[in-house]
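In what follows, a single structure is set out as structure tokens and then discussed.
Everything numeric in this text was worked out from a predicted model, so none of it was measured.
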Amino acid sequence: MPDQNGPFFEDIDMGDEIGPIELVATDENVSTFCELWGNPMPNRFTSQEIAEKSGLPGPIVPGVMSMAIMSQALTDWAGPESLKDLDLVFRQPIPHNKPLLISATVTDTREEDGENIIECDVLMMGEAGERYVGGIAIITLPSSGE
């Protein structure tokens, strides 16, 4: 039986909540991400001036970084190989240095092609209720009998 630190399929019910998990994407986090990503700097993600020229109030968190943050929150909960699909809609720019709340609500549990599937609505919000990113995640979980 593999080492299991996350939940088992049988322990999950529709309506269960994951999170909220709180984190902050700092200026330094975004700059490091852009360096690793290979995005030339300065850019709208790292520079106030360039962001404003792009019509933004300030530097924003890259969409791909937001997706990575949400992916990590889900895999920290369910396990590193659990996330099968993440379909996101970006609703508004995500600011730096502000608390971000990532949560999910289980909307379906099913067995499909020999896998235990958990479907969730996922959301990244600001502390004042701003809805930055929303979507659907498909996660697989082991059975307690495996």
### Task
Apply side-chain contact (heavy atoms from CB on, under 4.5 Å) to the pair V24 and L100, showing each step before the final yes or no.
CA-CA 6 Å; V24 174; L100 302 172; over 6 Å; no

#### Entry: Closest contact, heavy atoms only, N116 versus P142
ND2-C, 3.7 Å

### Message
Would a single hydrophobic cluster contain both L83 and I12, if residues Ile, Leu, Val, Met, Phe, Trp and Tyr are joined by side-chain heavy-atom contacts under 4.5 Å?
### Response
yes

Under 3.5 Å, which donor-acceptor pairs do the side chains of residues 49-57 form with other protein atoms, sequence neighbours left out?
from	atom 1	to	atom 2	distance (Å)
E49	OE2	K53	NZ	3.3
E52	OE2	Q48	NE2	2.6
S54	OG	I50	O	3.1

### Query
From S103 OG over to E22 CD, what is the distance, rounded to the nearest 0.5 angstrom?
12.0 Å

## Note on the structure
Between M41 and E35 the two heavy atoms that sit nearest each other are CE-CG, 3.1 Å

### Message
Applying salt bridge (charged side-chain N to carboxylate O under 4.0 Å, His left out), can you list everything that pairs with E81, at least two apart in sequence or on another chain?
### Response
none

### Query
With distance as the sole test, does E115 use its side chain to make a donor-acceptor pair with the main-chain N or O of D113 at under 3.5 Å?
no

### Message
Keeping N43 on the side-chain end and T46 on the backbone end, is there a donor-acceptor pair under 3.5 Å?
### Response
yes

### Query
Would you call P7 and L141 a side-chain contact if the rule is heavy atoms closer than 4.5 Å?
yes

### Query
With hydrophobic residues grouped by side-chain heavy-atom distances under 4.5 Å, do I136 and M14 end up in a single group?
no

### Task
Taking D76 for its side chain and A73 for its backbone only, find out whether a donor-acceptor pair lies under 3.5 Å.
no

### Query
Nearest 0.5 Å, what's the CD1-CG distance between I139 and L86?
9.0 Å

### Query
Between the main-chain N or O of R44 and the side-chain N or O of S47, is there a donor-acceptor pair closer than 3.5 Å?
no

### Message
Please determine whether the number of non-hydrogen atoms from other residues, nucleotides or ligands lying under 6.0 Å from atom CD of E119 exceeds 12.
### Response
yes

### Task
Find out if a path of hydrophobic residues (ILVMFWY) with successive side-chain heavy-atom gaps under 4.5 Å connects V30 to F90.
yes

### Task
Taking all heavy atoms of S82 and all of G79, pick out the closest pair and write down the distance.
OG-O, 2.6 Å

### Task
Can you measure from CE (M65) to OG1 (T32) and round to the nearest 0.5 angstrom?
8.0 Å

### Task
To the nearest 0.5 angstrom, please state how far the CG atom of D121 sits from the CD1 atom of I18.
10.5 Å

### Message
Are there over 12 heavy-atom neighbours, none belonging to E112, within less than 6.0 Å of that residue's CD?
### Response
yes

### Query
If you measure from CD1 on I118 to CZ on R110, what distance do you get to the nearest 0.5 Å?
9.0 Å

### Message
Donor-acceptor check, side chain of H96 to backbone of F45, threshold 3.5 angstrom: yes or no?
### Response
yes

### Query
What pairs with Y132 under ring-ring contact (aromatic ring centres under 6.0 Å, His included), at least two apart in sequence or on another chain?
none

### Query
So which heavy atom on L23 is nearest to which on I102, and how close?
CD2-CD1, 3.9 Å

### Message
Nearest 0.5 Å, please: how far is CG in N29 from CG in N97?
### Response
8.5 Å

### Task
List the atom of L123, the atom of G134, and the distance in Å for their closest heavy-atom pair.
CD1-CA, 4.2 Å

### Query
What are the two closest heavy atoms between A25 and V61, and how far apart are they?
CB-CG2, 3.7 Å

### Task
Check whether V106 and F9 end up in the same hydrophobic cluster, where Ile, Leu, Val, Met, Phe, Trp and Tyr are linked by side-chain heavy atoms less than 4.5 Å apart.
yes

#### Entry: Cluster link I60 to M67, ILVMFWY, side chain under 4.5 Å
yes

### Message
Determine whether a donor-acceptor pair (N or O, by modelled atom type, separation under 3.5 Å) exists between the side chain of E10 and the backbone of S144.
### Response
yes

